[in-house]
Amino acid sequence: MSKTKEAIIETAIQVLSLDSSASLEDIATAAGVSRMTIHRNFKNRDTLFHEINETLIQRTLHIFKKSKKNHERSIDQLEEVIKTSANEKGYVLLIKENKDHKHHDPETCLFSEVSNELEELIKRLRQEGYLSQTIPDAWVFHMYDAILFTAWEALYSGTVAPNDIPTLSWHTFKNGVLNGKTI
């Protein structure tokens, strides 16, 4: 991918995270390029959104894979995933784009991989006694999304110090969903 295209995607993530109705002209202005440059790199707004979604999915998968590499225990993996994701700009776009997501073929749908990674982590948390059997997986998924959405809101509104957001996100998830098992 060209540096121009990468820069446009990064700028679009910033702009669209704050205003999902932002125009291609708004994105071009923020990126310091012409609208023609946007159209040279993206056929239309849908193509740009698709590329943004793919970029955010790849980042999220990277976070999950890195946490597995860095930690053996599922609880430590989850902590890294939440803290790192809470610092990721654009997570709100990933949630909005995939909120009605149904499981699709993982060969053609990258978001299925994200769901599968989280499902696997939830399963291991249950097996290791960190997660009550009475809390449905769907509830854990929604809490995960809600905490990361809250992190995004706090980051963009400026109501919480950015350096505090990852720890607050983990603390909220840990105390709201997990058992009191010593972590």
Enquirer: Inspect the surroundings of NE2 in His39 and state if more than 12 heavy atoms from other residues, nucleotides or ligands are less than 6.0 Å away.
Expert: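 Yes, because the 6.0 Å sphere around NE2 of His39 holds more than 12 heavy atoms from other groups.
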
Enquirer: From the options Gln77, Glu120, Glu80, select the one residue that forms a side chain to side chain donor-acceptor pair (under 3.5 Å) with Lys68.
Expert: Glu120

Enquirer: From Leu168 CG over to Ile82 CD1, what is the distance, rounded to the nearest 0.5 angstrom?
Expert: 12.5 Å

Enquirer: Report the distance from atom CD1 of Ile13 to atom CD1 of Ile27, rounding to the nearest 0.5 Å.
Expert: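 One gets 10.5 Å once the value is rounded to the nearest 0.5 Å.
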
Enquirer: Quick one: does Leu78's side chain get under 4.5 Å of Trp170's, heavy atoms only?
Expert: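 In short, these two side chains touch, coming nearer than 4.5 Å.
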
Enquirer: What are the two closest heavy atoms between Pro162 and Asn87, and how far apart are they?
Expert: O-OD1, 4.1 Å

Enquirer: Would you say Thr134 and Ser132 are linked by a side-chain donor-acceptor pair, where the criterion is simply a distance under 3.5 Å?
Expert: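 Side-chain D/A pair, Ser132 to Thr134: present.
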
Enquirer: Decide whether Asn44 and Thr47 meet the rule of one side-chain donor and one side-chain acceptor closer than 3.5 Å.
Expert: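 A donor-acceptor contact under 3.5 Å links the two side chains.
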
Enquirer: Main chain of Asp164, side chain of Thr167: is a donor-acceptor contact present, judged purely on distance under 3.5 Å?
Expert: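 No; zero donor-acceptor contacts below 3.5 Å.
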
Enquirer: Pick from Lys174, Arg73, Arg124: which one makes a side chain to side chain donor-acceptor pair (under 3.5 Å) with Tyr130?
Expert: Arg73

Enquirer: Thr37 vs Ser34, test: side-chain hydrogen bond (donor to acceptor under 3.5 Å, both in side chains). Steps then yes/no.
Expert: CA-CA 5 Å; Thr37 301; Ser34 69; 3.0 Å; yes

Enquirer: Between atom CG of Leu155 and atom CD1 of Ile165, what is the distance when rounded to the nearest 0.5 Å?
Expert: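 Result: 4.5 Å between the selected atoms.
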
Enquirer: State which residue, out of Val114, Leu118, Thr55, fulfils the side chain to side chain contact (heavy atoms under 4.5 Å, CB included) condition with Thr60.
Expert: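 Among Val114, Leu118, Thr55, the one that satisfies the side chain to side chain contact (heavy atoms under 4.5 Å, CB included) with Thr60 is Val114.
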
Enquirer: To the nearest 0.5 angstrom, please state how far the CG atom of Leu48 sits from the CD1 atom of Ile52.
Expert: 4.0 Å

Enquirer: Please test Asp26 against Thr29 for side-chain hydrogen bond (donor to acceptor under 3.5 Å, both in side chains), starting from the C-alpha separation and ending with a verdict.
Expert: CA-CA 5 Å; Asp26 295 334; Thr29 300; 5.8 Å; no

Enquirer: Mind checking the NE2-CD spacing from His71 to Glu79? Nearest 0.5 Å is all I need.
Expert: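 One gets 7.5 Å once the value is rounded to the nearest 0.5 Å.
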
Enquirer: Quick one: CD1 on Ile135 to CG on Leu178, what's the gap to the nearest 0.5 Å?
Expert: 8.0 Å

